[in-house]
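To keep things clear, I will list the structure first and then write my remarks on it.
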Amino acid sequence: PGSVRALHKDYRIATPQNFSSYESIKQDFKLEIPEYFNFAQDVLDQWTNVEKAGKKSSNPALWWINENGEEVRWSFEELGSLSRKFANILTEACALQRGDRVIVILPRIPEWWLANVACLRTGTVLIPGTTQLTQKDILYRLQSSKAKCIITNDVLAPAVDAVASKCENLLSKLIVSQNSREGWGNLKEMMKHVSDNHTCVKTKHDEMMAIFFTSGTSGSPKMTGHTHSSFGLGLSINGRFWLDLTPSDVMWNTSDTGWAKSAWSSVFSPWSQGACVFAHYLPHFEPTSILQTLSKFPITVFCTAPTAYRMLVHNDMTSYKFKNLKHCVSAGEPINPEVIEQWRNKTGLDIYEGYGQTETVLICGNFKGMKIKPGSMGKPSPAFDVKILDAHGNVLPPGQEGDIGIRVLPNRPFGLFTHYVDNPSKTASTLRGNFYITGDRGYVDKDGYFWFVARADDIILSSGYRIGPFEVESALIEHPSVAESAVVSSPDPIRGEVVKAFIVLNPDYKLHDQEQLKKEIQEHVKKTTAPYKYPRKVEFIPELPKTVSGKIKRNELRKKEWKTL
Ligand code: ATP
Ligand code: MG
């Protein structure tokens, strides 16, 4: 623990060693942004030193497993050496220069982590992509990002080759494979021969570090520019306060490698605290496999998406013991209070919800030691001044719903993206007065807890009432027949729009009389929440449309509703 404090001092986050309350975090939090900052050198290599001096728990830096029982464990020193080799491949064989962009489309394999660190060391700009991208998506990303290098595997290499001639900036291709492929450098082979002698580039704190695509929940994914300080330094906030990590922790985050959430919870947050990053190469989300892994390995901190928690709590978990698990978190979507309660009943643990965006580090969170109000996103992270705003950028008092904003004037806080790449008008549209507008609606209560209402686009206006879908969905999921639901607006000749619920039933209810069930569910919602919110229209569907990261695409359902008019 002593070294945690020392390390924090190294990169200038001064926090009390044992924060006792939210107030103490806010009060004592200080951060000076250094002129130069590089996570590989200033954090990872420091942990290597701590490790070498025998002052750190023996946890590896990366602990990777797959379904065949294979395992990889790298210490910080090994991670350092291997990533230096990779860095030399980027600068020598791939001839990349500082600032050049590199697209990395790999599943959860150890090389993905190496690619992250190698990009840091060389000052090249990492652009992660999900392995579910199609040929068309890859072309779009290569062209729009002007990437000079792409790193991928056997599965996606043919798609890259099919479009490469249309990408004039693309100079080099690396494949992670046992086999060689014409026109591609074979990473595994090259790693055998390259030196691990490499000097980390001295990056300015505000130099571009990576470009992350947003999840595309409400439209096409946007390219979000992040600097070495915005994510490289900023995500230590998540690691320290929300994830409550120390060097003796083993953190498992199940996110897909293509999204910023992986940078959040599988790279920067855990490693900033010297914790072990645990990874399971699971091609598909398989609840029993997740539960087995959680009970078999000494995972202490677990992070997954609400959609995953909803699936997990449907399983009989009585045969599993989670001996080491002590802290569970969720982010990316609101998590229903009912699911938090079921998880607590089954594991004895709370779910600490966090709220943030690809554009930001943690905006609000439930921090260890804070009283959780189920359904609330917690309180603002010490990095940000978060406020609820009206349409003119005025701060609203507690209890009033408005736009969730982050103060950016007079000083833009670190932990915030710089811009949407090549999209100045989109960037400008997020600014209102002194604030960055998240696009989400919410309110703050008298105790300073923030409550998510909806994405601004998802709000339903019915007979003069404003209705957020999440509240209705949370009422619906309390009914035993409902596995999941998505609530959207639907046209109505009298009310303009009404609430419509798309419901996925639990298997036991699939054969029930559907008309009867529909009425029962409607009555249930009228009783559990304000009656005007009940879904006047209900449709049972086999599954909800979701993004790769498992978020409900309400806009797809909504568009269909309004099209059939
Ligand atoms: P796109 O911007 O492409 O439509 P996206 O907004 O889903 O996709 P992300 O940056 O991955 O892309 O997600 C951030 C958004 O996720 C937030 O703006 C918010 O709407 C939602 N979100 C994240 N965490 C929470 C939470 N704890 N509660 C409610 N909503 C959340
Ligand atoms: Mg968004």
Side-chain angles (χ1 to χ4, degrees), residues 128 130 137 210-226 230-231 235 238 242 253 255-265 303-310 328-337 339-340 351-367 372-381 384 386 403-406 415-417 420-421 423 426-427 429-430 436-443 449-459 468-471 473-474 486 545-556 558-559:
T130 164
D137 299 329
I211 298 173
F212 296 99
F213 281 84
T214 60
S215 298
T217 310
S218 54
S220 296
K222 299 164 287 238
M223 287 194 287
T224 307
H226 275 284
S230 65
F231 258 21
L235 284 169
N238 296 30
W242 174 50
N253 162 51
S255 311
D256 184 285
T257 51
W259 308 114
K261 189 65 201 324
S262 263
W264 268 41
S265 296
C303 176
T304 197
T307 183
Y309 279 114
R310 284 195 291 268
C328 300
V329 303
S330 154
E333 273 191 309
I335 183 151
N336 320 89
V339 177
I340 299 182
I351 296 174
Y352 286 75
E353 182 172 354
Y355 160 69
Q357 303 183 308
T358 307
E359 291 88 339
T360 68
V361 298
L362 188 78
I363 302 173
C364 288
N366 288 285
F367 305 112
I372 293 182
K373 294 193 185 187
S376 155
M377 313 190 288
K379 295 186 178 186
S381 113
F384 296 134
V386 188
D403 294 304
I404 303 175
I406 296 173
L416 198 60
F417 74 130
Y420 292 119
V421 177
N423 201 341
K426 182 88 201 161
T427 310
S429 74
T430 60
Y436 158 73
I437 302 295
T438 58
D440 294 319
R441 306 273 303 172
Y443 63 92
Y449 283 73
F450 279 69
W451 299 76
F452 178 85
V453 172
R455 288 169 186 268
D457 304 341
D458 285 343
I459 297 268
F470 174 62
E471 210 183 341
E473 290 160 12
S474 289
K546 287 186 182 167
T547 64
V548 174
S549 43
K551 298 191 190 200
I552 301 170
K553 290 174 134 180
R554 293 186 193 80
N555 72 329
E556 250 176 41
R558 183 168 56 236
K559 270 192 207 139

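Each ligand, and each atom within it, is numbered from 1 in the order the structure gives.
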### Message
Run Asp458 and Arg558 through salt bridge (Lys or Arg N to Asp or Glu O under 4.0 Å) and show every step you take.
### Response
CA-CA 9 Å; Asp458 285 343; Arg558 183 168 56 236; 2.7 Å; yes
### Task
For Thr257, enumerate each residue passing the side-chain contact (heavy atoms from CB on, under 4.5 Å) test, keeping only those at least two apart in sequence or located in another chain.
Arg108, Trp112
### Query
Which residues pass the side-chain contact (heavy atoms from CB on, under 4.5 Å) test with Thr130, sequence neighbours left out?
Gln132, Leu133, Asp256, Trp259, Val548
### Task
Rounded to the nearest 0.5 Å, what's the gap from CZ on Arg441 to CD1 on Ile404? Could you check?
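Answer rounded to 0.5 Å: 9.0 Å.
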## Note on the structure
Less than 4.0 Å from some atom of ligand 1, heavy atoms are found in residues Thr214, Ser215, Gly216, Thr217, Ser218, Lys222, Gly332, Glu333, Pro334, Glu353, Gly354, Tyr355, Gly356, Gln357, Thr358, Glu359, Met377, Asp440, Phe452, Arg455, Lys551
### Task
Check the pair Phe450 / Tyr443 against ring pair (Phe, Tyr, Trp, His ring centres under 6.0 Å), numbers first and verdict last.
CA-CA 6 Å; Phe450 279 69; Tyr443 63 92; 9.1 Å; no
List the atom pairs, donor and acceptor, that lie under 3.5 Å between side-chain atoms in residues 354-367 and the rest of the protein, sequence neighbours left out.
unit_1, atom_1, unit_2, atom_2, d
Tyr355, OH, Thr438, OG1, 3.4
Tyr355, OH, Asp440, OD2, 2.7
Gln357, OE1, Tyr436, OH, 2.7
Gln357, NE2, Thr438, O, 2.8
Glu359, OE2, Tyr420, OH, 2.6
Thr360, OG1, Gln357, N, 2.9
Thr360, OG1, Gln357, O, 3.2
Asn366, ND2, Glu353, O, 3.1
Asn366, ND2, Ser376, O, 3.4

